Amino acid sequence: MQPVVLNLERVNLTDQQFHNLCQANQNLQLERNAKGELIIMPPVGGRSGNREASLISLLWLWNNQTKLGQVFSSSTIFRLPNGGDRSPDAAWIRLDRWESLTPEQQEGFPPICPDFVIELRSRTDSLKPLQEKMQEYLNSGLCLGWLINPQGKEVEIYRPNQAVETVKFTVTLSGENILPNFELALPL
């Protein structure tokens, strides 16, 4: 199943209306891109769900040891500063940035771009929309992002003010200075 994209050009949902829509349809995974389009994400299959759980677990274990930030699952919607309400497959925010949000902001759709995100391409995902999503994160302040593409057996690494770097599988990814000493060996 492919995501369903609804053009809301003439609707102009406010942030509160989008939040209410998500709350009223909790069985759907909804996102809104920077262009204001509503995206209805289909559920993932077993293999993608397992890979996603592994990624979140590894990130959580590293963070539990370092206590440097907060880890989030794909159920979390972030209200990005440069537009869009997005849910990465795994995300991490530095503790000082997270704690700068009010309790109300932390409880709702946090108005912050994660410092680090992982997007995992599932079997039914088209690559171009995921690349556009990664660019939205970069435009909103992302420090490091990995777009993992098991079908192409490669990873695209996103960093601010740099060209996207593509590496083949059978590689160990580094969290660089964003996630000190975090490594991810691929394939999962």
Side-chain angles (χ1 to χ4, degrees), residues 3 5 7-8 15 18 29-39 41 44 48 51-52 55-56 58-59 62-63 68-101 105-106 108-122 125-169 171-184 186 188:
V5 179
N7 182 336
L8 299 181
D15 290 345
F18 176 72
Q29 182 153 349
L30 302 175
E31 291 185 350
R32 185 169 55 164
N33 66 21
K35 296 183 277 189
E37 296 171 328
L38 183 67
I39 303 164
M41 305 296 294
V44 298
S48 288
R51 285 178 176 148
E52 182 180 309
L55 292 168
I56 294 168
L58 292 169
L59 186 58
W62 167 85
N63 191 67
L68 293 175
Q70 295 291 332
V71 175
F72 302 89
S73 74
S74 62
S75 296
T76 308
I77 294 176
F78 294 97
R79 181 153 289 131
L80 299 178
N82 285 349
D85 297 283
R86 293 303 207 150
S87 300
D89 291 321
W92 179 84
I93 297 175
R94 263 188 2 247
L95 194 56
D96 63 312
R97 293 185 67 235
W98 177 250
E99 290 177 344
S100 72
L101 299 176
Q105 290 172 321
Q106 291 177 354
F109 296 163
I112 191 169
C113 181
D115 294 287
F116 172 74
V117 300
I118 300 174
E119 286 291 347
L120 175 64
R121 183 182 181 202
S122 67
D125 285 334
S126 296
L127 190 55
K128 186 170 175 42
L130 290 174
Q131 292 167 328
E132 291 170 354
K133 186 176 181 181
M134 294 299 290
Q135 192 60 52
E136 282 185 42
Y137 295 131
L138 275 179
N139 294 343
S140 292
L142 179 73
C143 298
L144 179 65
W146 298 338
L147 171 52
I148 301 174
N149 179 1
Q151 295 77 14
K153 295 185 169 55
E154 60 187 22
V155 179
E156 293 180 7
I157 303 172
Y158 290 77
R159 300 176 188 95
N161 306 313
Q162 294 183 34
V164 175
E165 178 184 359
T166 302
V167 296
K168 296 293 182 188
F169 269 21
V171 66
T172 298
L173 298 172
S174 166
E176 302 174 5
N177 63 340
I178 309 304
L179 307 170
N181 300 314
F182 179 69
E183 294 184 338
L184 176 66
L186 292 175
L188 290 174

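Predicted, not measured: the structure shown is a model, and the values here were computed from it.
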Exercise for the section: Report the C-alpha distance between Tyr137 and Glu119 in whole Å, list the side-chain angles of each, state the deciding distance to 0.1 Å, and finish with yes or no for side chain to side chain donor-acceptor pair (under 3.5 Å). Expected result: CA-CA 11 Å; Tyr137 295 131; Glu119 286 291 347; 2.9 Å; yes
Practice task
Please assess Asp115 against Trp92 for the test side chain to side chain donor-acceptor pair (under 3.5 Å), listing each intermediate value before the final yes or no.
Solution key: CA-CA 6 Å; Asp115 294 287; Trp92 179 84; over 6 Å; no
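Within the 4.5 Å cutoff, the side chain of Glu183 has no heavy atoms near those of the Leu58 side chain. The shortest distance between side-chain heavy atoms of Asn149 and Val155 does not fall below 4.5 Å. Using a 4.5 Å cut-off on side-chain heavy atoms (C-beta onward), Asn33 and Asp85 make no contact. Side-chain contact check for Pro160 versus Leu144: every heavy-atom pair is 4.5 Å or farther apart. You'll find the side chain of Gln105 stays beyond 4.5 Å of the side chain of Arg79, heavy atoms only. Between Ile93 and Glu99, the closest side-chain pair of non-hydrogen atoms is not below 4.5 Å. Looking at heavy atoms from C-beta onward, Leu186 lies in side-chain contact with Leu173 at the 4.5 angstrom threshold. For the pair Phe116/Trp146, a side-chain contact is recorded, criterion being any heavy-atom separation below 4.5 Å from C-beta on.
Atom CD of Glu52 and atom CD1 of Ile148 lie 10.5 Å apart (nearest 0.5 Å). Taking CG from Asn63 and CD from Gln70, the interatomic distance works out to 6.5 Å, rounded to the nearest 0.5 Å. Interatomic distance, Leu59 CG to Ile118 CD1, rounded to the nearest 0.5 Å: 6.0 Å. Considering CG of Leu38 and CG of Leu8, their distance stands at 5.0 Å, rounded to 0.5 Å. Here CD of Gln151 is found 7.0 Å from OG of Ser122. Values are rounded to the nearest 0.5 Å. Taking CD of Gln162 as the start and CD1 of Ile157 as the end, the distance is 10.0 Å to the nearest 0.5 Å.
Remark: Asn181 CG is loosely packed, at most 12 non-hydrogen atoms of other residues, nucleotides or ligands lying under 6.0 Å away.
Under the 3.5 Å distance criterion, the side-chain polar atoms of Ser87 are matched with a main-chain donor or acceptor of Thr76. In this structure, the side chain of Ser73 engages the main chain of Ser75 through a donor-acceptor pair within 3.5 Å. For Glu136 (side chain) and Ala34 (main-chain N/O), a donor-acceptor pair under 3.5 Å exists by modelled atom type.
Look at Arg32 and Asp15 and you find a salt bridge, because one of the NZ, NE, NH1 or NH2 atoms lies within 4.0 Å of a carboxylate O, short of that distance.
The aromatic rings of Phe72 and Phe78 lie perpendicular to each other, with more than 60° between the two planes, well past the 30° mark.
The heavy-atom pair separating Cys113 from Ser140 by the smallest distance is CB-O, 3.3 Å.
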